[in-house]
Amino acid sequence: MILLNTTFCVDANIAEPFVEFIKDIYLPTAEVVKMYAPLLCELRCPADDNPKQPTRTFALQMRAPSQHVADFFKNDILPNIYHEIGQKWALGVVMFESVLDVIHDPLKE
């Protein structure tokens, strides 16, 4: 099993519509191609560190049951999703991806 992690740094003023986009567009599209077990998290930032935080950081993790599914999602689906993000928010959203091999998953035993 493969875990795809995408970390997004989002301007705070567009964070709410961005999260809605993830829930309404990104995740349903991913699930159609058999990506599963999505988890959207936000990085905790203590309020006293920067009370007027200009950005919010989100991590989206999804699993692929095979290399074929992961490759199809990364090569054929994600470019369209990223293009749509760029059209909507330009440089208000920056991101990077990590692809990890799952070594141990207690939910699968």
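Fair warning: this is a prediction, and the values are worked out from it, not measured in the lab.
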Is Met1 reachable from Phe73 through a run of hydrophobic residues whose side-chain heavy atoms are each under 4.5 Å from the next? no
Which atom names give the shortest non-hydrogen contact between Val94 and Leu91, and what distance separates them? CG1-O, 4.2 Å
Nearest 0.5 Å please: distance from the CD1 atom of Ile14 over to the CH2 atom of Trp89. 6.5 Å
Measure the CG-OG1 distance between Leu78 and Thr6 for me, rounded to the nearest 0.5 Å. 6.5 Å
Separation between CE (Met95) and CG (Leu60), nearest 0.5 Å, reads 11.0 Å
Less than 3.5 Å apart, which donor and acceptor atoms pair up between the side chains of residues 22-43 and the rest of the protein, not counting sequence neighbours?
unit_1, atom_1, unit_2, atom_2, d
Lys23, NZ, Glu20, OE2, 3.2
Thr29, OG1, Ile25, O, 2.7
Glu42, OE1, Arg56, NH2, 2.9
Glu42, OE2, Arg56, NE, 2.7
Glu42, OE2, Arg56, NH2, 3.4

Phe8 CZ to Thr57 OG1 distance, which is reported to the nearest 0.5 Å: 11.5 Å
Approximate separation, where rounding is to 0.5 Å, of Lys74 NZ and Leu4 CG: 6.0 Å
Ring-plane angle category for Phe58 and Phe18, please: parallel below 30°, perpendicular beyond 60°, tilted otherwise. tilted
Say you draw a straight line from CD of Gln61 to CG of Leu3; how long is it, rounded to the nearest 0.5 Å? 5.0 Å
If you take all heavy atoms of Val102 and Ile2, which pair is closest and at what distance? CG2-C, 4.4 Å
Applying side-chain hydrogen bond (donor to acceptor under 3.5 Å, both in side chains), run through Glu97 and Tyr82 and close with a yes or a no. CA-CA 12 Å; Glu97 292 177 359; Tyr82 291 162; 2.5 Å; yes
